[in-house]
Amino acid sequence: MDTAVPQINNRRRSSATERAKELEAIKGFVSGKNILITGGAAGLGYAFLNHFLKHGANKITILDIDGENGRRVASGIEKSYGEKKVYFVHVDVAKQEEMIEAFEEASILMNDIDIVINNAGILDERRWEREIAVNIGGMVSTAMLAVKYMSRENGGHGGILVNVSQHMNINNTAQLPVYAATKHAIIGLSQSLADPYHYEKTGIRVLTLCPGLTETGLTIDSPNKLLSRVMKADFVKNLEEVSIQTPYVVARGLLNILRLGDSGSIWVIESGHPPYEIYVPDPRTLRRHYKNNMTCVETKVGKGRAITRVCDNTRTSMICA
């Protein structure tokens with residue numbers, strides 16, 4: 001995907017006063033909100049949880065398949081923030097019936113849902129059926145239920161849905177064909193749900209977050225989840241060439257995206273830098289024109305004859321998968 005002019009990344013360094021105002025604006029936006037996070041027991045989800053609590057969220061429900069870790073997280077939060085602040089619901093996001101029950105329980109526990117962070121995902125190319133079930137089926141299930149519970153059409157007051165995809169270099173996806181495909185699907189889901197046709201009816205702002213390489217359990221164990229052992233060496237080598245960031249940086253960036261992002265916007269956070277927005281280009285702008293089986297980019301007249309420069313500048317070097 002082509003990269004738009006960064007809206008946050010190119011700003012001059014904020015002064016202490018400006019930063020204080022920014023934090024105040026973020027807190028004012030998050031404070032008092034009820035938030036649901038899928039995959040909230042570890043990794044990015046856990047970082048999101050802590051940042052929302054820090055900025056005054058009212059109640060948070062985390063959904064996760066890891067029952068032991070989820071209960072431990074909820075118990076630890078209770079000691080720091082008090083009772084009835086964070087709830088844990090044990091659920092497999094790939095199972096629709098469980099998700100229906102989980103959303104119903106979360107709605108009762110928090111009385112309302114204002115923000116849904118659609119974050120749960122796995123990387124396991126060897127079990128690609130499961131990977132698709134979680135990364136696409138689970139994402140779609142969460143998104144549809146978020147719309148059901150927050151939509152103005154159903155008596156809700158609108159809200160925010162954040163679908164978490166991933167930002168990857170196309171040169172590093174050869175070993176992750178299924179995973180990359182599932183992350184592409186999230187972009188299509190978000191763009192469709194963010195269409196004005198839906199927004200005018202639901203009042204739900206749909207955002208897409210695309211973190212770059214981030215230090216989580218999924219990333220650390222990923223070399224052991226490839227289709228074959230032959231791919232492992234090349235994959236590890238590729239990873240060594242990419243800057244890795246912490247979940248803390250991504251969670252901090254998400255708070256700014258929630259405050260500034262328009263519905264349908266796609267945001268990248270990579271290499272520990274502030275977020276920047278990208279866009280899905282119009283396919284017509286990427287159309288190739290052929291002459292004699294060659295891609296014609298530009299024709300000039302030089303020394304009495306036509307000179308055709310041939311190149312392929314229609315492919316982007318980076319994608320928000």
[Y] versus [X], side-chain donor and acceptor atoms under 3.5 Å:
X      : Y      : answer
Glu104 : Tyr149 : yes
Asn163 : Ser190 : yes
His90  : Asp66  : no
Thr246 : Glu215 : no

Can you find a heavy atom in the side chain of [X] that is under 4.5 Å from one in the side chain of [Y]?
X      : Y      : result
Leu176 : Lys183 : no
Glu131 : Val134 : no
Asn154 : Lys148 : yes
Gln245 : Pro211 : yes
Ile187 : Cys210 : yes
Ser75  : Lys79  : yes

To the nearest 0.5 Å, what is the distance between [atom1] ([X]) and [atom2] ([Y])?
X      : Y      : atom1 : atom2 : result
Tyr87  : Ile60  : OH    : CD1   : 11.5 Å
His273 : Ile269 : NE2   : CD1   : 12.0 Å
Leu209 : Asn118 : CG    : CG    : 11.5 Å
Leu218 : Leu123 : CG    : CG    : 5.0 Å
Ile160 : Ile35  : CD1   : CD1   : 9.0 Å
Leu226 : Glu125 : CG    : CD    : 7.0 Å

Using only atom types and a distance under 3.5 Å, with no angle test, would you say the side chain of [X] pairs donor to acceptor with the backbone of [Y]?
X      : Y      : answer
Glu105 : Val89  : no
Arg252 : Pro274 : no
Asn135 : Ile122 : yes
Thr214 : Gly212 : yes
Ser192 : Leu189 : no
Asp114 : Asn34  : yes
Thr38  : Asn119 : yes
Arg205 : Ser263 : no
Lys33  : Phe29  : yes
Arg152 : Ile204 : no

Going only through I, L, V, M, F, W and Y residues with side-chain contacts under 4.5 Å, is there a path from [X] to [Y]?
X      : Y      : value
Ile257 : Ile37  : yes
Ile65  : Leu63  : no
Leu161 : Tyr199 : no
Val147 : Met150 : yes

Residue pair [X] / [Y]: nearest heavy atoms and the distance that separates them:
X      : Y      : value
Gly43  : Pro247 : O-CB, 4.1 Å
Thr142 : Met99  : OG1-CE, 3.2 Å
Ile278 : Tyr276 : CG2-CE1, 3.6 Å
Ser243 : Ser271 : CB-OG, 3.6 Å
Ile62  : Gly70  : CD1-O, 4.3 Å
Ala120 : Val93  : CB-CG1, 4.0 Å

Once the angle between the rings of Phe48 and Phe52 is folded into 0 to 90°, is it parallel (under 30°), tilted (30 to 60°) or perpendicular (over 60°)? tilted
Dump the intermediate steps for side-chain hydrogen bond (donor to acceptor under 3.5 Å, both in side chains) on Tyr179 and Gln166, then the final yes or no. CA-CA 10 Å; Tyr179 181 77; Gln166 187 159 352; 2.3 Å; yes
Suppose we call two aromatic rings close when their centres sit under 6.0 Å apart. Are His51 and Tyr248 close by that rule? yes
Within the supplied structure, the quantity of interest is the number of heavy atoms (other residues, nucleotides, ligands) at a distance under 6.0 Å from Lys85 NZ; does it exceed 12? yes
Answer yes or no: are there more than 12 heavy-atom neighbours, outside Glu129 itself, under 6.0 Å from its atom CD? yes
